[in-house]
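Worksheet for the structure shown next.
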Amino acid sequence: MLIPHDTRIALDAVVGLVNTAPLSDEPDNLMDLKALYGFVQAFDISGVGDLGEQDLKAVREVRERFAGVFAAPGPQEAADLVNQLVASAGTTPQLTDHDGYDWHVHYFAPGASMADHLAADGGMALAFFVVAGEQERLRRCEAPDCGHAFVDLSRNRSRRYCSSRTCGNRLHVAAYRARRKAATA
């Protein structure tokens, strides 16, 4: 699946934002403005000025809406959620070539709030998958103790874990040890 560079960057930010939400006994990784600024820096989100508590609250709301797209049972439900996200951001597509990147599209207006920025660019990145008939690639990790969001970009749509190095490896080692234990019993 060929994904344009700007779509991939927006998609990475969407997944990163969704994964800041608390899962079971984990803390919320977007608790305060310091964490929000850390998120902006980690995902190199451009055009962000001063952020306040209202921005933090609005970004958390966008995070929940993104999570809803990952949980959508089908393309119609995903499309409805994406349409709501993009409409709420008041998108204004513009071509730009900032920070050493080639021409790409920003779907938010200059000076847009952080939440609108994420909703517009992230919503359009998610729309890319719905339009391509690939909504099932928006997944949650199948490790019983994880549940983080990820995008399955494998050729045959077979990825099951957010990380093969952590979740996948941990479960494969556990299964191997269980087989060894059963064989010696």
Roughly how far, to the nearest 0.5 Å, is the [atom2] atom of [Y] from the [atom1] atom of [X]?
{"X": "Leu56", "Y": "Lys34", "atom1": "CG", "atom2": "NZ", "answer": "14.0 Å"}
{"X": "Lys57", "Y": "Leu36", "atom1": "NZ", "atom2": "CG", "answer": "14.5 Å"}
{"X": "Arg139", "Y": "Arg159", "atom1": "CZ", "atom2": "CZ", "answer": "9.5 Å"}
{"X": "Glu142", "Y": "Cys167", "atom1": "CD", "atom2": "SG", "answer": "11.0 Å"}
{"X": "Asp55", "Y": "Leu33", "atom1": "CG", "atom2": "CG", "answer": "8.0 Å"}
{"X": "Asp12", "Y": "Asp44", "atom1": "CG", "atom2": "CG", "answer": "11.5 Å"}

What's the shortest heavy-atom distance between [X] and [Y], and which atoms?
{"X": "Arg137", "Y": "Phe129", "value": "CD-CE2, 4.1 Å"}
{"X": "Cys141", "Y": "Cys162", "value": "SG-N, 3.3 Å"}
{"X": "Ala149", "Y": "Asn19", "value": "N-OD1, 2.6 Å"}
{"X": "Arg63", "Y": "Val18", "value": "CG-CA, 4.1 Å"}
{"X": "Val105", "Y": "Asp121", "value": "O-OD1, 4.3 Å"}
{"X": "Ser154", "Y": "Ser158", "value": "OG-N, 3.0 Å"}

**OP:** Could you go through the side-chain contact (heavy atoms from CB on, under 4.5 Å) check for Leu51 and Val40 one step at a time?
**Re:** CA-CA 10 Å; Leu51 299 172; Val40 167; 4.2 Å; yes
Original post:
Going by atom types only, do Gln84 and Asp80 share a side-chain donor-acceptor pair under 3.5 Å?
Top reply: no
Original post:
More than 12 heavy atoms of other residues, nucleotides or ligands under 6.0 Å from CG of Asp102: is that the case?
Top reply: no
In the single-linkage hydrophobic clustering (I, L, V, M, F, W, Y; side-chain heavy atoms under 4.5 Å), do [X] and [Y] co-cluster?
{"X": "Phe66", "Y": "Phe150", "value": "no"}
{"X": "Val15", "Y": "Leu23", "value": "no"}
{"X": "Tyr107", "Y": "Val59", "value": "yes"}

Measure the shortest side-chain to side-chain distance between [X] and [Y] over non-hydrogen atoms and say whether it is less than 4.5 angstrom.
{"X": "Gln135", "Y": "Val82", "result": "no"}
{"X": "Ile3", "Y": "Leu153", "result": "yes"}
{"X": "Ile45", "Y": "Leu118", "result": "yes"}
{"X": "Leu11", "Y": "Leu126", "result": "yes"}
{"X": "Leu95", "Y": "Trp103", "result": "yes"}
{"X": "Met114", "Y": "Val62", "result": "no"}

**OP:** Could you check Asp116 against Phe108 for side-chain contact (heavy atoms from CB on, under 4.5 Å), going step by step and ending with a plain yes or no?
**Re:** CA-CA 7 Å; Asp116 286 347; Phe108 55 92; 5.6 Å; no
Subject >> Residues which pass ring pair (Phe, Tyr, Trp, His ring centres under 6.0 Å) with Phe43, listed by chain and number, not counting sequence neighbours >> reply: Phe39
Original post:
Quick one: does Arg60's side chain have a donor or acceptor within less than 3.5 Å of a partner on Ala21's backbone?
Top reply: no
Original post:
Would you say Arg8's side chain and Ala10's backbone share a donor-acceptor pair under 3.5 angstrom?
Top reply: no
Original post:
Between Met124 and Val86, is a side-chain contact (heavy atoms from CB on, under 4.5 Å) present by the stated rule, with each step listed?
Top reply: CA-CA 7 Å; Met124 293 306 296; Val86 173; 3.9 Å; yes
Original post:
Does the pair Glu61/Arg65 count as a salt bridge with the N-to-O cut at 4.0 Å?
Top reply: no
